[in-house]
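Everything below concerns the one structure shown next.
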Amino acid sequence: MQLTTALSLANGYAPNSEGLGQLSDFLCPDFIKQCAETAGVATIRRRRLPVEMAVWTVICMSLYREDPLWSIVSKLGLALPGKRELVAPSAVVQARQRLGADAVKEVFQQSQKMWNADANHPTWCGLSLLGVDGVIWRTPDTTENHQAFSTWKNQHGDTAYPQVRMVCLMELTSHLLMGSAFDSCRSSEMVLAEDLIDVTPDNSLTLFDRGFYSLGLLNRWHHAGKNRHWLQPMRKGTQYEVIRSLGRQDKLIKLKTTAQARKKFADLPNDIEVRLVTKMIKGKEVNILTSLTDQMRFPKAEIVDLYSDRWEIELGYREMKQTLLNSHFTLRSKKPDMIVQELWGVLLSYNLLRYQMVKMAQTKPGIYAKHLSFTTCAISIINLIQTMFIENAGRIPKSIEQLQAQVEHHILPIKRERSYPRCIKPKPSKYPNKKRQSVVN
């Protein structure tokens with residue numbers, strides 16, 4: 001796969017065959033049309049903003065967060081030539097409404113399969129490293145969003161902004177997203193994580209946070225495919241029965257399930273066997289539960305250290321919110337269906353940039369996409385996207401070669417250990433401090 005064709009994905013679609021107009025085989029206009037037809041979106045009338053250009057409009061909403069939609073469409077030439085030079089804002093809104101959210105979701109799901117297969121991710125003991133975690137998105141304060149997504153409550157009532165809870169599945173060495181599920185902020189992360197079981201690939205190890213401790217979820221995750229393993233810190237106070245010792249600080253244990261969990265998960269047995277690995281880190285005992293019960297294939301010395309890779313998904317969320325969306329924590333759309341469409345567009349645009357970083361990292365042996373700065377890479381790629389419509393088509397390959405040659409400038413420095421230990425700040429008192437008065441004799 002040439003980066004020339006892959007990078008042109010984010011440019012949108014140039015209808016003039018003499019211009020750029022060359023899209024990747026992975027996300028060409030025919031591919032978008034096929035995804036739209038699968039989602040039930042098809043139009044006979046040839047509009048100025050057809051389906052494939054409406055998809056690029058949703059993608060560029062995240063790439064150019066500061067610009068209004070009509071400006072993005074006009075600046076990048078996403079609309080077909082018409083009587084008017086500029087595209088009316090209402091035409092962009094109508095194009096998004098015709099497109100819907102299912103078409104963008106289908107493009108995301110089909111494209112992530114091909115991009116992850118082409119990325120050739122590194123593995124640990126033959127298993128690809130995945131991470132699952134949740135994130136909250138804030139939506140505009142409208143009546144429709146309040147009814148669809150709900151709000152948090154405090155002592156003064158509901159909070160101002162409705163929020164969406166999202167759970168994502170991410171490949172940790174490249175930060176490429178493999179799946180996502182989201183709903184109202186009052187939905188449980190463990191319930192949303194159940195929707196990601198079907199998109200989890202075989203021969204993988206998924207890292208979970210403590211908040212996803214559900215024996216029904218973990219058991220189904222493990223048995224849904226071939227060699228689908230999981231790893232998670234053990235909660236404090238967890239009751240277990242030791243089956244046998246596998247070595248020093250390495251045990252095979254039995255966890256009993258509850259009747260309530262077996263009622264929800266019909267495939268959940270009365271108890272499951274897992275591996276408990278213990279390690280002292282900076283004077284603190286760390287207990288890790290995992291389905292990697294084969295002690296010969298999976299050494300215990302590396303299992304506990306693997307959990308630190310789970311923080312890569314936290315970095316991915318920060319990249320989406322702070323860098324990609326420029327810290328605009330409230331989404332653009334005013335209606336729930338457009339909120340869902342915009343969120344799928346955010347995930348798709350993030351994957352577009354991350355896939356380009358994967359191709360850039362492949363030019364430097366020993367470097368993976370997670371070793372590159374997302375901020376500087378995103379700036380370089382988006383700037384190149386904007387100039388590709390201005391430059392001559394013959395200069396585009398040279399510009400991409402220059403981008404690849406600058407990979408060394410995007411490599412992040414080695415992570416250093418924290419210089420000062422964390423401290424717990426005292427909780428402020430709700431009562432004012434009474435000043436002591438000196439007694440005068």
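Reckoned from all heavy atoms, side chains included, excluding hydrogens, waters and symmetry mates.
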Does any part of the side chain of [Y], heavy atoms only, come nearer than 4.5 Å to the side chain of [X], both counted from C-beta?
X    : Y    : result
L276 : Q249 : no
L315 : H175 : yes
Q147 : P336 : no
F208 : Y307 : no
D141 : P162 : yes
T293 : L246 : no
E314 : W311 : yes
L215 : I272 : yes

**Prompt:** What do the steps show when you test V167 against S180 for side chain to side chain contact (heavy atoms under 4.5 Å, CB included), and what is the final call?
**Reply:** CA-CA 6 Å; V167 175; S180 179; over 6 Å; no
[Y] backbone acceptor or donor facing [X] side chain under 3.5 Å:
X    : Y    : answer
R275 : L252 : no
S187 : D183 : no
Q232 : L289 : no
R354 : A369 : yes
R186 : T151 : yes
T257 : N270 : yes
T290 : L292 : yes
D118 : M114 : no
Y213 : L218 : no
S111 : V107 : yes

Hey, could you give me the [atom1]/[atom2] distance between [X] and [Y], rounded to the nearest 0.5 Å?
X    : Y    : atom1 : atom2 : result
R138 : C185 : CZ    : SG    : 13.0 Å
H121 : L127 : NE2   : CG    : 14.0 Å
D133 : M170 : CG    : CE    : 9.5 Å
C168 : L130 : SG    : CG    : 13.0 Å
I411 : T376 : CD1   : OG1   : 10.5 Å
N227 : R297 : CG    : CZ    : 5.5 Å

message = For the aromatic rings, using the six-membered ring if either is Trp, is the centroid distance between F108 and W115 under 6.0 Å?
response =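 No, they do not, as the ring centres are separated by 6.0 Å or more.
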Please confirm whether H229 and F298 have ring centers closer than 6.0 angstrom.
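Centroid separation for H229 and F298: below 6.0 Å.
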[X] and [Y]: side chain donor to acceptor below 3.5 Å:
X    : Y    : result
K263 : Q260 : no
T173 : E171 : yes
Q322 : S327 : no
T206 : W221 : yes
T142 : N145 : yes
H223 : D267 : no

| message | Considering only residues two or more places apart or on different chains, which pairs with a residue in residues 130-150 satisfy ring pair (Phe, Tyr, Trp, His ring centres under 6.0 Å)? | response |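 For residues 130-150: none.
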Quick check: closest heavy atoms across [X] and [Y], and the distance to 0.1 Å?
X    : Y    : answer
A193 : L217 : CB-CD2, 4.1 Å
Y355 : L176 : N-CD2, 3.9 Å
L177 : N116 : O-ND2, 3.7 Å
P140 : S333 : CG-O, 2.9 Å
T123 : S128 : CG2-N, 4.0 Å
E342 : R332 : OE2-N, 3.0 Å

For [X], does the [atom1] atom have more than 12 heavy-atom neighbours from other residues, nucleotides or ligands under 6.0 Å away?
X    : atom1 : answer
K105 : NZ    : no
K321 : NZ    : yes
Y368 : OH    : no

Carboxylate-amine/guanidinium proximity below 4.0 Å for E241 and K256:
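Answer for the salt bridge query: no.
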Residues Y350, F374; criterion ring-ring contact (aromatic ring centres under 6.0 Å, His included); working and verdict: CA-CA 10 Å; Y350 179 75; F374 180 80; 5.4 Å; yes
_Walk me through whether E144 and K334 qualify under salt bridge (Lys or Arg N to Asp or Glu O under 4.0 Å)._
CA-CA 8 Å; E144 296 88 345; K334 301 296 190 297; over 6 Å; no
Stepwise side chain to side chain donor-acceptor pair (under 3.5 Å) check, K359 with Q356 = CA-CA 5 Å; K359 305 305 292 184; Q356 316 316 323; over 6 Å; no
(message) Walk me through whether D305 and K279 qualify under salt bridge (Lys or Arg N to Asp or Glu O under 4.0 Å).
(response) CA-CA 9 Å; D305 296 335; K279 184 177 181 180; 2.9 Å; yes
task = Please report the C-alpha distance between L352 and I381 in whole Å, then the side-chain angles of each, then the deciding distance to 0.1 Å, and finally whether the side chain to side chain contact (heavy atoms under 4.5 Å, CB included) criterion is met.
result = CA-CA 10 Å; L352 279 169; I381 294 173; over 6 Å; no
- Message: Once salt bridge (charged side-chain N to carboxylate O under 4.0 Å, His left out) is applied, what residue pairs with a partner in residues 187-197 remain, sequence neighbours excluded?
- Response: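 Every pair satisfying salt bridge (charged side-chain N to carboxylate O under 4.0 Å, His left out) with a residue in residues 187-197: R165-E189, E194-K264.
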Residue pairs fulfilling salt bridge (charged side-chain N to carboxylate O under 4.0 Å, His left out) with at least one residue in residues 202-215, sequence neighbours excluded: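 Every pair satisfying salt bridge (charged side-chain N to carboxylate O under 4.0 Å, His left out) with a residue in residues 202-215: D202-R228.
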- Message: Run N326 and Y64 through side chain to side chain contact (heavy atoms under 4.5 Å, CB included) and show every step you take.
- Response: CA-CA 9 Å; N326 200 17; Y64 301 93; over 6 Å; no
Report task. Take L207 and I313, measure what side chain to side chain contact (heavy atoms under 4.5 Å, CB included) needs, and give me the verdict at the end. Result -> CA-CA 10 Å; L207 311 182; I313 191 171; over 6 Å; no
